[in-house]
Structures are given as C-alpha cells and as structure tokens.
Amino acid sequence: MLTVATWNVNSLKARMERVLSWLDRAAPDVVCLQETKLTDAAFPAAAFVSAGYESLHFGQGQWNGVAILSRLGISEPARGLIGEPGGEARALGATCGPLRVYSLYVPNGRSLDSDHYRYKLEWMDALAGTVSAELRSREHLVLGGDFNIAFDDRDVWSPGAFEGTTHVSAPEREVLERIYQLGLTDLFRVQHQEEGLFTWWDYRGGSFHKRQGMRIDLLIGSRAVAENLSWTLIDRNERKGPGPSDHAPVLAGLQIG
DNA sequence: ATGGTCGATGGTCGA
C-alpha cells in the first residue's frame, strides 16, 4: 500500500507544527503541499528529513509556493508547466518511487471579468499540455493540488450562492473535464458520490461549522493509478482545533509498488 | 451573507 496526499497549508511557516504532527499521524508516503508562501531558502527541508521525508520546493516567498515530500525517493524535478503563463511558483513535478507526481496550485481567478480569470484558464491549458506530454512516457501519474475549481454542483455547499462566480463557471469545469478526457480520474469522486463532501471552508463566518465549503482540492490519477485505487478520504479533522489551514488534506491509498 | 478570518505584511491585498 502506498499513500499519497495533497494539502494546501496556507503558509507552511504558520502551519509547520501541525504539518509535522499530521505527517506522524497520517504517515503518507508522498505529499503535495501548496501555498507554502516561502522562498526556497526558507523551506524547512531539514525538519522534513528528521520526519523521514525527502523534499522538493518551488517557492517565491509571500505568495504561492508548492512542495513535494516523499519517503520513496524524489528525482527528476520539473519546476513549472510547459508553456506556463505568469511565471509564478504554482507547479512542481517529481518522480517518487513508481509515481510521477505534480503538486499544483491553480490560480484563484478572483472574478469572471478579471485578467486573473483569463490567466487561470490559460494556466489550466498549460497544465493540460503538460499532463498530455507526461502521459507519453509515464504510466503512473498523480496530480495533487488546490485546483480552485468545483467540478460539479455536488462540490459546493449552495450552487445558488456561487452563480456568476469563479470556481463553478462552465469554462473552468470544461478545462478540468479536458484533463479527465486525457484518461485521468478524480480519485476521491470515483469512490464517494454524495454531495457536501468538502476540502475547503472559508475562515470567515463559521463556514466550517455550518458545513459551507467547497471540494476544490483533488488527487487526480492516470488510468494505471485509478485501477489500483484502494481508498480515499478527506482528513476533516485537520480543519479543526487551533490554527488550522482553511483546507483539509485529501489522501488516497494505492495498491502500487 | 461580499463578510464577521486568516496570513502575507507593516499600506492593504489576496483568498
């Protein structure tokens, strides 16, 4: 059994204590982290070594920043996507044992009429191209990330509340569908079909306790990964207690390796 | 419910 996970930590500096205790408890083999908000120089690689993980980090400080932790070795780093717009630290690829892994922090989009929304769609185009290229040589591909897209209405607490906003617009859902059509699967959704299973809750207004969230953090696997999927879960407990990220980790168990 | 919260900052902005 091989466990992969993704978690938007919303500042690794602010979250490090929780991340280390979660690693100890959840014992994942490969972890994709997003929003580290660190420079590469400030990334706490030594602390992860002490916890048993090799790591790669692609950061810029202040905003964005993605990392991969691995207990299965880590090699062949890819910083950024093929033809990626923006030049921000939002995508990091690595080979971890039998898996080719990407940690992804998709642009938020802000609003449907903003340049940042167009940037989001262009960024997703670059992701589709990169995935397509990776699939030519890799059988076992896993994308873990904060996609900032709720693929269908089951993935938001109130479809009415999201009308006219980002995360649910048809172009966003279509570009994610294009990635699925390359042969990839939303690993959590294939096992859990009900509505109201979320990975992100706004800090404001007690959203978590009101169960008002979105499912935007995804583990997406190629066919060879999906065929060997054993279990998936959202670690809701990590959204509780003092000093949580606004995102919960998502985990998957694979019968690989 | 456009934010009453966070985290980057050290003004406000981004989510």
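On a predicted model such as this, the values are computed, not experimentally measured, just so you know. FYI, side chains are in, hydrogens and waters are out, and symmetry mates aren't considered; it's all heavy atoms of this structure. Just so we're on the same page: letters track the sequence lines, and every chain starts at 1.
Of all nucleotides listed (B:dA15, B:dG7, B:dT2), B:dG7 comes nearest to the side chain of A:S11. In the set B:dG14, B:dA15, B:dT2, the nucleotide with an atom closest to the side chain of A:W63 is B:dG14.
The closest side-chain heavy-atom distance from A:P77 to A:F58 is not below 4.5 Å. At least one side-chain heavy atom of A:V106 sits under 4.5 Å from a side-chain heavy atom of A:W123. Side-chain contact between A:D186 and A:R215 is present, with heavy atoms from C-beta onward closer than 4.5 Å. The closest side-chain heavy-atom distance from A:Q212 to A:D202 is not below 4.5 Å.
Taking the six-membered ring where the residue is Trp, A:W157 and A:F162 present perpendicular rings, their angle passing 60° and hence far from 30°.
Comparing the same atom, C1', in B:dT9 and in B:dG14 gives a spacing of 11 Å after rounding to whole Å. Distance noted for atom C1' between B:dC13 and B:dG3: 16 Å (whole Å).
Put simply, CG on A:N148 is 12 Å from C1' on B:dG14, counting in whole angstrom units. Between A:R204 atom CZ and B:dG7 atom P there is a gap of 14 Å when expressed in whole angstrom units. Rounded to whole Å, the distance from OH on A:Y203 to P on B:dT2 is 22 Å. Atom CG in A:L38 sits roughly 13 Å away from atom P in B:dG7 (whole-Å rounding). The distance between atom CZ of A:F162 and atom P of B:dA15, rounded to the nearest whole Å, is 16 Å. A:K240 places its NZ atom 17 Å from the P atom of B:dC6, with the value rounded to the nearest Å. What separates NZ of A:K13 from P of B:dG7 is a distance of 11 Å, to the nearest Å. Atom pair A:H247:NE2 and B:dG7:P shows a separation of 12 Å (rounding to whole Å applied).
In the region residues 105-114 of chain A, proximity to DNA chain B at under 4.0 angstrom, judged on heavy atoms, holds for A:Y105, A:N108, A:R110.
Of the two residues near DNA chain B, A:L12 and A:Q212, the one whose nearest nucleotide lies more 5' is A:Q212. In this structure, A:N10 and A:W157 both approach DNA chain B, and ranking their closest nucleotides by distance from the 5' end singles out A:W157.
A:E238 and A:S245 share no side-chain donor-acceptor pair at under 3.5 Å.
Between the side chain of A:R71 and the main chain of A:A27, a donor-acceptor pair closer than 3.5 Å is present. Using a distance-only test at 3.5 Å, with no hydrogens or angles considered, a donor-acceptor pair links the side chain of A:D29 to the main chain of A:T3.
A salt bridge links A:D125 to A:R178: at least one charged side-chain nitrogen sits closer than 4.0 Å to a carboxylate oxygen.
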Measure all distances between protein nitrogen or oxygen atoms and nitrogen or oxygen atoms of nucleotides 10-12 of chain B, and list the pairs falling under 3.5 Å.
none

